[in-house]
Amino acid sequence: MKGNIPRSAACFPISVVQEITSLSARQIRYYEEQGLIDPERNQGNQRLFSMNDIDRCQEIKELIDQGLNIAGIKAVLSARNKNSG
DNA sequence: GTTCTCACA
DNA sequence: TGTGAGAA
């Protein structure tokens, strides 16, 4: 048994993301609307965020705080997607 | 507690 | 880009 959970284990509701990302449910949902994040969904249509999605939301917030817009963030996501580091 | 829609600044 | 109010 690995004891530790994978970073892709989506088991956090939007309420949890609010705390760790210090964002609002509206913003979190807003980012997903822009395609900045892609959380899983429960049978109840509830969003389930993983350590990866949560960490990403923080990155998104940072970019926006830097003066970037959805277009700019999407560019960053793409840049991070083309390489691991 | 969570999600969706419409309208506004 | 981010938020308020109403309904399920």
Side-chain angles (χ1 to χ4, degrees):
Chain A
M1 194 50 108
K2 290 198 182 66
N4 64 354
I5 59 176
R7 297 170 63 84
S8 52
C11 53
F12 307 112
I14 191 163
S15 59
V16 176
V17 188
Q18 290 188 199
E19 290 291 292
I20 43 199
T21 65
S22 61
L23 288 164
S24 297
R26 305 295 297 279
Q27 291 180 266
I28 299 161
R29 286 177 48 205
Y30 182 75
Y31 297 155
E32 193 217 15
E33 185 69 51
Q34 309 309 304
L36 310 179
I37 53 179
D38 181 33
E40 300 190 41
R41 303 278 289 239
N42 260 352
Q43 189 166 47
N45 302 337
Q46 304 286 110
R47 286 179 179 78
L48 289 182
F49 292 81
S50 61
M51 298 293 251
N52 267 313
D53 295 320
I54 296 170
D55 188 56
R56 182 175 302 188
C57 289
Q58 292 187 148
E59 189 71 5
I60 296 163
K61 183 174 176 60
E62 288 294 302
L63 293 152
I64 293 172
D65 184 65
Q66 289 176 44
L68 281 155
N69 44 19
I70 297 297
I73 297 165
K74 289 179 72 175
V76 177
L77 294 169
S78 186
R80 297 175 75 79
N81 186 298
K82 67 187 296 185
N83 69 75
S84 301

*Sugar-phosphate means primed atoms, P, OP1 and OP2; the rest is base. With that split, encode nucleotides 2-9 of chain B 5' to 3' as B, S or - using protein heavy atoms under 4.0 Å.*
SSBB----
*asked:* What is the first contacted nucleotide of DNA chain C and what is the last, in 5' to 3' order, if contact means an atom lying under 4.0 angstrom from a heavy atom of chain A?
replied: dT1(C) to dA5(C)
When rounded to the nearest 0.5 angstrom, what distance separates [atom1] in [X] from [atom2] in [Y]?
| X | Y | atom1 | atom2 | value |
| --- | --- | --- | --- | --- |
| Ile60(A) | Ile70(A) | CD1 | CD1 | 8.0 Å |
| Ile64(A) | Gln34(A) | CD1 | CD | 9.0 Å |
| Glu59(A) | Leu36(A) | CD | CG | 11.5 Å |
| Ile37(A) | Cys57(A) | CD1 | SG | 4.0 Å |

*What parts of residues 56-65 of chain A reach DNA chain C, counting only heavy atoms under 4.0 Å away?*
Ile64(A)
*Any residue meeting side-chain hydrogen bond (donor to acceptor under 3.5 Å, both in side chains) with Ser50(A), in chain and number order, not counting sequence neighbours*: Asp53(A)
*Shortest non-hydrogen contact from Leu48(A) toward Pro39(A)*: O-CB, 3.7 Å
Name the atoms and distances for all side-chain donor-acceptor pairs under 3.5 Å in residues 8-19 of chain A, with sequence neighbours left out.
unit_1: Gln18(A); atom_1: OE1; unit_2: Ala25(A); atom_2: N; d: 3.2

*Please collect all salt bridge (Lys or Arg N to Asp or Glu O under 4.0 Å) contacts where either partner lies in residues 20-48 of chain A, sequence neighbours excluded, each pair once.*
Glu32(A)-Arg47(A)
*Any salt bridge (Lys or Arg N to Asp or Glu O under 4.0 Å) pairs touching residues 61-78 of chain A, not counting sequence neighbours?*
none
*asked:* Using side-chain heavy atoms (C-beta onward) and a distance below 4.5 Å, is Tyr31(A) in contact with Ile73(A)?
replied: no
_Considering every strand and a 4.0 Å limit on heavy-atom distances, what is the contact class for Asn69(A): base, sugar-phosphate, or nothing?_
sugar-phosphate
